[in-house]
Chemist: 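Here it is, the structure in full.
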Amino acid sequence: MQRSEQERIRRESLATMRALGIEPYPAASFPVSHRSLSLSTSFQNELDVTMAGRIMSRRIMGKASFVELQDSEGSFQLYLNRDELCPGEDKTLYNDVFKKLLDRGDFIGISGVTFTTQTGEQSVKVKSMTVLSKSLKPLPAVKVDEDGKVHDAFSDPELRYRMRYVDLVVNPSVKATFEARSKVIKTIRSSFDQAGWLEVDTPVLQAIPGGAAARPFTTHHNALDIPLYLRIANELYLKRLIVGGFEGVYEFSRNFRNEGMDRTHNPEFTVMELYVAYKDYHWMMETTERLLADICTAVHGQSKATLQGVKIDFTPPYRRVTMREAILEHTGIDIHGKSEDELRTECTRIGIETDDSMGKGKLIDEIFGERCEAHFIQPTFIMDYPVEMSPLTKVHRDDDAYTERFELMINGTEIANAYSELNDPDDQRKRFEDQLKLSERGDDEAMFIDQDFLRALEYGMPPTSGIGIGIDRLVMMLTNQTSIQEVLLFPQMRPEVFDAGPDLNALRTWGVPDTWIQHVVDAGFSSAEALNELTPAGLRERLNGYRKKNKLDIPALTLEEVETWYATIA
RNA sequence: GACCUCUUAGCUCAGUUGGUUAGAGCAUCUCACUUUUAAUGAGAGGGUCCUGGGUUCGAGUCCCAGAGGGGUCACCA
């Protein structure tokens, strides 16, 4: 790939620095005494500081300059005065290194003294400066005016996701999103640790992809010569640990599902799953609403958040609605006691398409998903799902047509899914077998039977409540994002195709001098075909013209030299 | 998987009915400037108009195919 003019100039600056005896990529650590935000909040004049960061802008006014230095916390203004930076006769560091050889994007370390400028800006008067790393590619030139309006924003989603490192440098809100994500996870972890529950790791590679109904990614283990699947859920493993005697276990589980991608689905995503013994789903609802209020407070400083202009109030308690009530409320249909055929008729009546592979549970799920889900904007627990659609859930204590299950809906989206866990091994086996029948009817999402899990239940699992919380979607809600890609640092994308680039060794074998190789490529003569379009004399003329134009400090080419290249190729 | 839509300078974008040498702002380079802050003033350079075909005297613009992105739907507890 041909380098842009800006890249060529930066590489020349790099070489010039080395010629001046300045290593652009020094090995030594650079200890820092202050960072931008903390220095600014406890600012005082005449403070000795040492800082490091990236040059984000330079305003050069002859013998004095201002630099915006960006570090991990934010940015801070530096003031460089030629005679303060270079008190002696030699002004190279200011005149050449700073003004000519450094660019926007370069990392520098500085020492100096704090002061306030005439316009009242907190600044550091730089006394010494060290080059820490040279940036060879120009950063997008995002500018923010005095009204906070962003100009020339780096906004192309493809480029932003593919080069998240650039996105993070120039778009501060992106960094804030991922800091919020970290706060969400930290809050959950510290809350659970405080409760005495154990954070565990369970297998990602599984022989039976259980615990959910989804199409798995398949791989192969060579030594065992067996297929393995990337986990679609970790539920069955965490329950085995409850059998093993832990009272509470949780895991931040990266799950993988080989399904479609869109605004709310990425092939790999994170679910936090928690299982606690001797509890039921009522307890879990109370635990969940308290946890979410804490998380929201950690991110926003209050238990309310705004999502697409709508205020979401995470303050407990949340509304609790049974699935039967929810469907009755929004469609007028009472699903209670209805047969599969009756439900199918109702679906057709209200315009929901059905097919023969759909069982009772699936039909009810369709009605809820199509007609009810979107109405639950404020946090709401939808409780008591029909037994057919919840094969891992204990039947309801009062009515065996339902299960003790809830989903937490926020802004019309499912955020969490929880049960009083099914711990009756015989019932569990029967439910798995019902799933198998569904799968024979053509429902390709029905679950596999995990015999070892059934054996674990036969050893006895205490009454347990469990929950899975979709971390990515939760972060979306708390950061006011509508796309999952905005809350994943590196969302899945089609792989980028890179040009292999010209073969520099080939040029070397033609006899092109090392000093010329890059320039011959840059000038567009990286292949024998390109050369053969010109005579040796013509090529020499073009390359020497290129040398002159770019003021290259290398010997001009002689006709004899260029002729030998052609001789080698032929 | 289907449909819609986008791809022009490092970034953000104009580009008329198909018509001269493809433009702007920022960024870059040169010069000036010792408290600026979207610094300023003067000047300059920078392009595989996503790729490949086609129509045409002539294509950034029209047609076909492809690549990549975005959106909607389908799929996805």
Side-chain angles (χ1 to χ4, degrees), chain A residues 1-10 12-13 56-68 75 77-85 94 99-100 103-105 115-121 123 125 136-162 166 170 211-215 232-233 257-267 269 353 361-362 364-366 368-369 373 382 385 388-393 405 407 414 416-417 443-447 468 470 482-483 485 493-497 499 524 549-551:
Chain A
M1 204 173 5
Q2 203 161 335
R3 286 190 189 125
S4 73
E5 182 196 25
Q6 292 192 44
E7 288 174 74
R8 285 200 300 274
I9 289 165
R10 283 169 181 240
E12 281 162 25
S13 300
M56 289 308 283
S57 74
R58 290 187 304 166
R59 295 181 289 278
I60 298 175
M61 282 155 292
K63 299 183 186 69
S65 300
F66 292 91
V67 166
E68 189 197 341
S75 57
Q77 176 168 282
L78 307 180
Y79 171 71
L80 282 83
N81 181 302
R82 187 192 69 183
D83 298 321
E84 302 245 14
L85 184 63
Y94 183 81
K99 276 171 71 176
K100 292 205 167 71
D103 291 287
R104 184 182 145 75
F115 75 110
T116 307
T117 64
Q118 285 172 8
T119 51
E121 178 90 3
S123 306
K125 189 177 291 177
L136 296 176
K137 283 183 176 291
L139 287 169
V142 180
K143 287 205 166 183
V144 182
D145 68 17
E146 52 195 6
D147 302 326
K149 198 166 168 247
V150 179
H151 297 257
D152 303 326
F154 179 60
S155 56
D156 182 330
E158 175 175 9
L159 294 175
R160 286 185 47 229
Y161 301 151
R162 287 200 194 280
V166 175
V170 302
R215 207 179 324 154
I232 55 174
R257 296 188 184 177
N258 203 343
E259 290 162 352
M261 290 164 60
D262 61 29
R263 243 187 13 249
T264 53
H265 296 84
N266 193 68
F269 59 102
E353 285 183 28
K362 187 84 182 166
I364 293 169
D365 190 37
E366 274 308 295
F368 182 77
E373 210 171 64
I382 306 296
Y385 282 61
E388 294 85 355
M389 54 197 287
S390 310
L392 301 168
T393 315
R405 169 182 178 181
E407 286 193 357
E414 175 202 339
N417 182 17
D443 184 346
D444 58 2
E445 294 154 26
M447 294 184 189
T482 52
S483 157
Q485 296 171 305
M493 300 199 84
R494 208 176 286 270
E496 195 173 356
V497 179
D499 269 345
K549 186 177 165 195
N550 290 286
K551 297 180 185 152

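The chains referred to below are lettered A, B, ... by the order of the sequence lines, with proteins before strands, and numbering in each begins at 1. Hydrogens, waters and symmetry mates are skipped; everything else that's a heavy atom, side chains included, is used.
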Chemist: Taking atom C1' in both A44(B) and U17(B), what distance in whole Å separates the two?
Modeler: 35 Å

Chemist: In whole Å, what is the span from the CZ atom of R162(A) to the P atom of G68(B)?
Modeler: 9 Å

Chemist: Determine the Euclidean distance between corresponding P atoms of C13(B) and G70(B); express it in Å to zero decimal places.
Modeler: 15 Å

Chemist: Kindly say whether, by distance alone, the side chain of Q6(A) makes a donor-acceptor pair under 3.5 Å with the base of A27(B)?
Modeler: yes

Chemist: How long is the line joining CD of E121(A) and P of A38(B), in whole Å?
Modeler: 10 Å

Chemist: Tell me: CZ of F154(A) to P of G69(B), nearest whole Å?
Modeler: 15 Å

Chemist: Answer yes or no: side-chain N or O of T119(A) and base N or O of U35(B) forming a donor-acceptor pair under 3.5 Å.
Modeler: no

Chemist: Taking the P atom in each of U51(B) and C11(B), what is the distance between them to the nearest angstrom?
Modeler: 15 Å

Chemist: Can you measure L139(A) atom CG to C11(B) atom C1' for me and round it to whole angstrom units?
Modeler: 10 Å

Chemist: K99(A) has an atom NZ; how far is it from atom C1' of U30(B), in whole Å?
Modeler: 12 Å

Chemist: Ignoring hydrogens and angles, are the base of U12(B) and the side chain of S155(A) linked by a donor-acceptor pair under 3.5 Å?
Modeler: no

Chemist: Ignoring hydrogens and angles, are the base of U36(B) and the side chain of Q118(A) linked by a donor-acceptor pair under 3.5 Å?
Modeler: no

Chemist: P atom, C75(B) versus C6(B): distance in rounded Å?
Modeler: 28 Å

Chemist: Between atom CZ in R257(A) and atom C1' in C75(B), what is the gap in whole Å?
Modeler: 13 Å

Chemist: Ignoring hydrogens and geometry beyond distance, is the side chain of E158(A) in donor-acceptor contact with the base of G68(B) at under 3.5 Å?
Modeler: no

